[in-house]
Amino acid sequence: MRTKIVAGNWKMNNNLDETKKLIKGLKKSIKKTSLGKTRVIVAPTFVNLYSAVKRAKKSKIEVVAQNMHQAKNGAFTGEISADMLLDIGIKTVILGHSERRTYFGETDEILKNKVDTALENNLEVIFCFGELLEDRKSDNHFKVVENQLKKALFHLNKKDLKNIILAYEPVWAIGTGETASPEQAQEMHAFIRSLLNEQYGEKTSNGVSILYGGSVKPTNAKEIFSKPDVDGGLIGGASLKVDDFTAIIKSI
């Protein structure tokens, strides 16, 4: 059975005090929740990662990074390496988020290199991808998603896939209040799994968790998560509120 995952991407939000309070609140709320094997993940900003790791110890909360540079070290002002993340107890990194692609020019080739670096350093990867609104309107969304996956991930072997979590995020639904319908989410997730099946076989494809991201809220989470190929969510704004994020976690 695939692992169920609810991950909160906090983006460029929360100072140190706010980070501490949010983790404290989440620890308290999920302590009362029967999680089973569901993974609960949060991704604070870089400057608060170390504090978050310490605060989340002895709890069900996993702290992950929002990004990582592909080089081992060097003259890359403002960047963070895999070794730096590992050194403070980070074991997972988000790569390929649409905001990184759009605002910081991250291409499929760059992301391929980042994925390779992460895996070489034994970091798990939450790999994000998804189409723009114009791709959806022109009925090109399947091809866009296929290209993103093939260019950045399909050079990997079956063993590597065990350390990859996929996060489908239609760009038009991120932070807009618009959400893919549960049927649209399932349709794309089933398509993604079929691509994995073609490349790696049924056993491997059935073992990869595929998350949905894009304006997931307590009011729509349960219906989205009920779809057979949706294994959880990568949550943005709603993960910044203890009650909302807890309600979403309980929906899975």
**OP:** Say whether, by atom type as modelled, one donor and one acceptor occur between the side chain of R193 and the main chain of V208 under 3.5 angstrom.
**Re:** yes
Original post:
When you measure from the side chain of R39 to the backbone N and O of I5, does any donor-acceptor pair fall under 3.5 Å?
Top reply: no
**OP:** Kindly say whether S98 contributes a backbone atom to a donor-acceptor pair with the side chain of E169 at under 3.5 angstrom?
**Re:** no
Original post:
Can you check whether D17's main-chain N or O pairs, donor with acceptor, with N15's side chain at less than 3.5 Å?
Top reply: yes
Subject >> Over 12 non-hydrogen atoms of neighbours within 6.0 angstrom of CG in N140 >> reply: yes
Original post:
Where is the tightest heavy-atom contact between G232 and I252, given as atom of each residue plus distance?
Top reply: CA-CD1, 3.5 Å
**OP:** Compare every heavy atom of S81 with every heavy atom of A71, then report the nearest pair and how far apart it is.
**Re:** O-CB, 3.9 Å
**OP:** Of all the heavy-atom pairs spanning T19 and N14, show the shortest one and how long it is.
**Re:** OG1-CB, 3.5 Å
**OP:** Report yes or no: does R100 contribute a side-chain atom to a donor-acceptor pair with the main-chain N or O of I94 at less than 3.5 Å?
**Re:** no
Original post:
Do the non-hydrogen side-chain atoms of Y200 and S205 ever get within less than 4.5 Å of each other?
Top reply: no
Subject >> E198 side chain to L195 backbone, donor-acceptor under 3.5 Å >> reply: no
Original post:
Is the closest side-chain heavy-atom distance between M68 and F46 below 4.5 Å?
Top reply: no
Original post:
Side chains of H155 and D160: do they bring a donor and an acceptor to under 3.5 Å?
Top reply: no
**OP:** For L123 and T92, work out which heavy atoms get closest and say how close.
**Re:** CD2-N, 3.8 Å
**OP:** Give the intermediate values and the outcome of salt bridge (charged side-chain N to carboxylate O under 4.0 Å, His left out) for residues K112 and D108.
**Re:** CA-CA 6 Å; K112 177 183 177 182; D108 293 324; over 6 Å; no
**OP:** Spell out, as yes or no, whether a donor-acceptor pair under 3.5 Å connects the side chain of T117 to the backbone of Q70.
**Re:** yes
Original post:
Given the rule in the side-chain contact (heavy atoms from CB on, under 4.5 Å) test, do R2 and D229 qualify, once you have shown the distances and angles that lead to the verdict?
Top reply: CA-CA 10 Å; R2 290 187 298 274; D229 286 294; 4.1 Å; yes
Original post:
Does atom OH of Y50 have more than 12 heavy-atom neighbours from other groups under 6.0 Å away?
Top reply: no
**OP:** Please work out which of the three classes, parallel, tilted or perpendicular, describes the rings of F129 and Y168, given edges at 30° and 60°.
**Re:** tilted
Original post:
Do N163 and E124 have side-chain N/O donor and acceptor atoms under 3.5 Å apart?
Top reply: no
Original post:
Heavy atoms, side chains only, cut-off 4.5 Å: are L22 and V42 in contact?
Top reply: no
Original post:
Quick one: do the H97 and Q66 side chains pair a donor with an acceptor below 3.5 Å?
Top reply: no
**OP:** Assess the pair Y212 and F225: is the distance between their ring centroids shorter than 6.0 Å?
**Re:** no
Original post:
Any sub-3.5 Å donor-acceptor pair from S209's side-chain atoms to D231's backbone N or O?
Top reply: no
Original post:
Are the side chain of N48 and the backbone N or O of T45 linked by a donor-acceptor pair below 3.5 Å?
Top reply: no
**OP:** Specify the closest pair of heavy atoms between V242 and G25, including all atoms of both residues, with the distance to one decimal.
**Re:** CG1-O, 3.7 Å
Original post:
Is there a donor-acceptor pair closer than 3.5 Å between any side-chain N or O of S29 and the backbone N or O of L26?
Top reply: yes
